[in-house]
Each structure stands twice: as structure tokens, then as C-alpha cells.
Amino acid sequence: MSSSLFRTKNVEQSIRDTEEPEHALKKSLSALDLTVFGVGVIIGTGIFVLTGQVAKNNAGPAVALAFVAAGVVCALAALCYAEFASTVPVAGSAYTFSYASLGELPAWIIGWDLVLEFALGTAVVAVGWSGYIRSLLDNAGWHLPAYLSGRDGAHGFGFDILAAILVLVLTAILVLGMKLSARITSLVVAIKVAVVLVVIIAGAFFVNTDNYRPFIPPARPVPAGGSLKAPLVQLMFGWAPADFGVMGIFTAASVVFFAFIGFDIVATAAEETRNPQRDVPRGILGSLLICTLLYVAVSVVVTGMQKYTRLSVDAPLADAFKAIGHPWYAGVISFGAAVGLTTVCLILLLGQTRVFFAMSRDGLLPRFFSRVHPRFRTPHRPTILLGVVIAIVAGFTSLSELAELVNIGTLFAFVVVAISVIILRRTRPDLPRAFRTPWVPFVPVVSVLATLWLMLNLPAETWLRFAIWMVVGFVVYFLYGRTHSRLAERGRQEPEPAPPAP
């Protein structure tokens with residue numbers, strides 16, 4: 001049984017499966033498309049929302065250093081993703097990579113984790129988008145009923161109708177084809193980046209250097225232990241790195257890490273890329289570099305425009321311009337955020353459907369979902385199913401409670417990919433690698449350690465929820481996936497070895 005749990009699917013077989021007509025996705029993406037996808041999903045809730053939250057609660061003006069720390073951790077992981085995506089250009093990202101190196105059970109665990117990560121990420125961002133749209137509607141004099149805004153406490157019911165509608169519309173776009181999705185994403189990303197540049201350039205004229213003092217606020221005492229909502233390191237070691245001081249930068253990095261979620265989704269589109277060996281590494285690393293520079297610049301400008309203690313948590317960029325008497329810029333930022341968050345939802349939903357599709361093609365989930373549309377060559381069945389489910393979840397999602405759960409899922413995937421690079425270098429040194437992670441095993445090991453450190457800075461409550469999801473995944477695997485996987489079927493079809501000659 002233990003051997004069946006860790007049976008691996010070799011790279012050659014993974015690539016052959018992508019060539020079966022009924023399971024083949026259309027190859028239409030270029031390096032530019034992938035970079036746009038990466039920028040489109042990375043620049044979203046993090047830059048428009050989280051900047052104020054972590055500056056006010058965790059790091060002060062040093063939030064810029066938190067973005068740098070999170071970017072470095074992502075860069076280490078990105079180097080590992082780039083090697084795998086160029087070696088195994090198959091849909092599924094970390095799931096496919098771990099299937100080729102660690103075995104079926106680890107692959108299932110990471111796939112199950114990614115399904116949760118992308119689903120909740122889509123729902124959380126859809127709720128953020130809905131908030132910006134409601135704000136724009138309120139400014140225009142149109143007000144949605146409270147029970148359709150997901151916040152009707154008086155009647156005990158609230159459904160965020162705008163968030164649900166957004167997810168359903170994006171679902172339809174994904175069914176119609178990847179090239180259409182890429183074109184829409186390119187247009188929206190251009191608007192979004194333009195808005196970010198407006199913040200940086202216009203805001204630079206209103207920076208007051210006094211607002212940077214102190215750049216790293218002194219640490220605030222936090223009672224050790226006793227609360228599940230405390231960071232795990234606090235419960236384990238009795239000290240709290242949560243608020244201000246140098247350690248507050250790392251706590252902030254574990255939160256703003258949510259802002260970087262997305263570059264790994266570029267790897268899920270490898271199977272739909274014309275030249276994945278060359279273009280996927282470019283898309284991953286290029287989008288991460290662009291977004292890190294923009295994040296740092298925005299955080300420096302915003303904390304210079306307004307004292308970190310007075311920054312808004314809900315819409316820090318827009319409110320910072322309102323505070324200095326320029327509401328017109330605030331309106332532009334709100335519009336850019338609302339438009340820009342649509343691409344985040346689109347690409348997160350894209351990533352989830354591709355992981356689900358890859359798992360069903362391998363038999364770990366029902367194969368009904370592994371057939372592509374005869375005309376559009378997209379995995380329409382899982383896209384429709386997941387789109388409807390996420391639309392319902394988005395209607396009832398609480399933004400504050402689920403963002404950290406998305407973070408831990410992504411960080412866990414980073415650990416698995418880094419370990420997989422080391423293993424596959426040893427087990428399959430013969431594989432052609434268009435991109436090679438430098439300084440193996442040093443870079444993957446540092447990536448694992450840095451990622452684990454960020455995970456430890458997340459609340460223990462987040463770890464508990466993550467563990468519950470993983471337990472559910474184990475149950476599903478042992479009741480269905482282990483016996484229905486294609487590797488299990490191939491093993492049953494192989495003839496038994498002949499008995500030894502007397």
C-alpha cells in the first residue's frame with residue numbers, strides 16, 4: 001500500500017496525456033500573454049487594500065520592507081517554479097510537479113490545497129471588487145439593499161450579489177477560450193497599471209518626510225500565548241512578532257504575501273502556451289519583478305502622504321488622496337481598483353479550473369470533468385461547476401477571515417515545489433531543462449526555510465482551518481482517488497510476473 005501511495009507519474013507520460021484529443025487544451029499563449037496574466041493577478045487586493053492595514057497594524061512606514069521580504073520569498077519560489085514549468089509543461093502547476101517527483105499522495109495533497117487556495121482567493125477578491133463597486137454606486141446616488149451587499153445583520157441574512165455576478169460572468173469568459181481571456185486581461189491590466197503609476201507619480205508630489213518618522217515604530221507588547229488568533233511562533237515559543245519593531249516587518253510580510261499570490265498561476269497555463277520551455281519562465285519571473293517594484297513604490301508614496309497611524313484599512317490609496325484634498329484622484333483609484341480586481345478573479349479562477357482539470361485527467365477526481373469543449377478546447381465542465389460554487393461562496397464570504405487561509409495554502413505549495421526540484425534533479429538528471437534553478441540545492445532549501453518562517457507568522461487559527469481541509473482531502477483520496485487514478489488502473493492492467501522457473 002505504501003508503494004501505491006508514492007507511485008510517481010513520469011514526465012513523459014504526463015506530456016503524452018496532454019496529446020490525447022479529448023483532453024488536449026488549445027495552445028495559444030505567448031510570453032507576453034503570460035506576463036500580463038501574472039501582472040494581472042498579482043496587482044489586486046494587496047496593493048489597493050492591504051497596504052494600509054499592515055502599515056497601521058504591523059510595520060508602519062517599513063511596510064515597504066515587508067513587500068521586499070515577501071518579494072524575495074516569492075522570487076526564491078519563482079526560480080523553482082520556472083524550472084519545473086519548463087521541464088513539465090503540463091496544466092496543474094505544483095500538483096503536476098509533485099506527481100512527477102514526490103508521488104501520488106503528496107500530489108493529491110498539494111492539488112487539494114490548490115483547489116482551496118484558488119477558490120477562496122477568487123471569492124475573497126470578488127468581495128473586495130464588490131466593495132469598490134458599491135462605493136462607486138453610492139457616490140452616484142445608487143444604493144444596493146443591505147441584504148444584497150452581504151452585510152445585512154438586522155435580518156440575519158446577507159448575500160453579496162455583485163460578487164456572485166462577477167464570478168459567473170468570468171466563468172462564461174473562461175469557457176469561451178483562453179485567447180479571449182488573454183485579450184480582456186491585457187486591456188484591464190493596462191488600465192490597472194496606469195492607475196498604479198498615477199498613484200506613484202501624483203502622490204510623490206505630496207510626500208511629507210515627517211510621516212516616515214519613525215520608519216520602524218517601536219514594538220508594542222503583546223501577551224504571549226492563550227489565543228488561537230496569535231501567530232503560531234507566539235504559541236510555540238512564547239514571544240509575539242506581531243506588532244511593529246523589526247519583527248513586525250516579517251509579520252507584515254506574511255500578510256502582504258497575499259498581494260503576491262498569482263505568479264504561480266502562470267505555471268498552470270503552461271500546457272496552453274506555444275513555447276512553454278522558453279515563455280513560462282519569462283512570464284513567471286518578469287511579472288514578479290514588475291509587481292514587486294510597483295508595490296514598493298506605492299507603499300513608500302502612500303506612507304509618505306499620510307501618517308501610518310491615520311491610514312485607512314479599507315481603501316488606503318483612495319483615502320490618502322482624499323485626506324490631502326484631492327478627491328478626483330481618489331475616484332480614479334477606486335475605478336482602477338474595481339476594474340483591476342476583475343483580472344485577479346479571472347486568473348485565480350483560471351488556475352483553479354486547470355488544477356481541477358489535471359486531477360480529473362489523472363483519475364483522482366471524476367474523469368467526467370477531464371473532457372474539453374469540442375469547439376473552444378477549454379475544460380468547460382469543471383469551469384462551470386467551480387464557477388457556480390465559488391459564486392455562492394463569494395456571496396457569503398468574509399474578507400478578513402479567509403485571506404490568511406489563502407496565504408497558508410500558497411506557502412504550502414511553495415514548500416512542495418522547492419523540495420520537488422531537489423528530488424527531480426536526483427531522480428531524473430537526464431530530463432531536458434530549458435531553465436535551471438541556480439545553486440541547487442541551496443536556493444530551494446532557502447526557499448523552504450523562508451516560506452516556513454512566513455507560515456509560522458500566520459495565526460494558529462489559520463493552521464487549524466488548514467488542517468481540517470487537509471483531513472477532508474485525505475478522506476476523499478482514500479475513498480475515491482487512490483482506486484480510480486489512472487496509475488492504479490495501469491498497475492492493475494499490467495500482467496503479473498511469471499513464476500520463477502523450477
Side-chain angles (χ1 to χ4, degrees), residues 45-46 50 53-54 57-58 70 73 77 94-95 98 105-125 127-128 150 222-243 247-248 250-261 264 348 352 355 389-390 392-419 448-479 481:
T45 304
L50 292 180
Q53 175 185 327
V54 296
N57 299 329
N58 303 112
V73 174
Y95 159 75
S98 56
L105 179 59
W108 165 266
I109 293 171
I110 195 63
W112 187 251
D113 163 57
L114 289 174
V115 167
L116 174 70
E117 172 201 335
F118 293 151
L120 293 184
T122 306
V124 166
V125 176
V127 172
V222 179
S227 172
L228 274 178
K229 293 188 177 182
L232 192 62
V233 289
Q234 180 181 348
L235 299 179
M236 293 172 62
F237 305 115
W239 54 273
D243 297 314
M247 297 309 300
F250 294 103
T251 303
S254 69
V255 178
V256 301
F257 179 82
F258 180 81
F260 287 91
I261 290 176
D264 54 323
L348 285 171
Q352 193 203 29
V355 172
V389 170
I390 295 173
I392 295 172
V393 171
F396 297 102
T397 292
S398 169
L399 182 68
S400 59
E401 293 180 359
L402 294 179
E404 289 169 342
L405 191 56
V406 178
N407 282 4
I408 196 171
T410 304
L411 289 165
F412 180 66
F414 285 6
V415 171
V416 171
V417 170
I419 294 173
V448 169
L449 295 177
T451 302
L452 288 175
W453 174 250
L454 289 186
M455 292 176 74
L456 288 174
N457 280 280
L458 289 170
E461 189 178 49
T462 300
W463 282 81
L464 179 61
R465 291 172 179 169
F466 181 68
I468 293 172
W469 177 255
M470 288 293 105
V471 169
V472 174
F474 274 106
V475 172
V476 174
Y477 173 74
F478 283 103
L479 291 180

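Basis for what follows: all heavy atoms, side chains included, without hydrogens, waters or symmetry-related copies.
- Residues forming a side-chain contact (heavy atoms from CB on, under 4.5 Å) with A119 (at least two apart in sequence, or on another chain): Q352, I390.
- Smallest separation of non-hydrogen atoms from A94 and V417: CB-CG2, 3.4 Å.
- Taking CG from N58 and CZ from F250, the interatomic distance works out to 13.5 Å, rounded to the nearest 0.5 Å.
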After noting the C-alpha distance and the side-chain angles of V416 and F412, does the key distance pass the side-chain contact (heavy atoms from CB on, under 4.5 Å) rule?
CA-CA 6 Å; V416 171; F412 180 66; 4.2 Å; yes
Go through the steps for Y477 and I109 under the test side-chain contact (heavy atoms from CB on, under 4.5 Å), then give the verdict.
CA-CA 9 Å; Y477 173 74; I109 293 171; over 6 Å; no
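- To the nearest 0.5 Å, the span separating CG on L456 from CD1 on I408 amounts to 9.0 Å.
- Here the straight-line distance linking atom CZ of F118 with atom CG of D113 works out to 9.0 Å at 0.5 Å rounding.
- Separation of atoms CZ (F466) and CG (L116) is listed at 8.0 Å; rounding is to 0.5 Å.
- When the side-chain contact (heavy atoms from CB on, under 4.5 Å) test is applied to L452, the partners found at least two apart in sequence or on another chain are V415, V448, M455.
- For W112 (side chain) and F474 (main-chain N/O), no donor-acceptor pair under 3.5 Å exists by modelled atom type.
- Taking CZ from F414 and CD1 from I110, the interatomic distance works out to 10.0 Å, rounded to the nearest 0.5 Å.
- Of the inter-residue distances, the one linking L105 atom CG with F478 atom CZ reads 5.5 Å to the nearest 0.5 angstrom.
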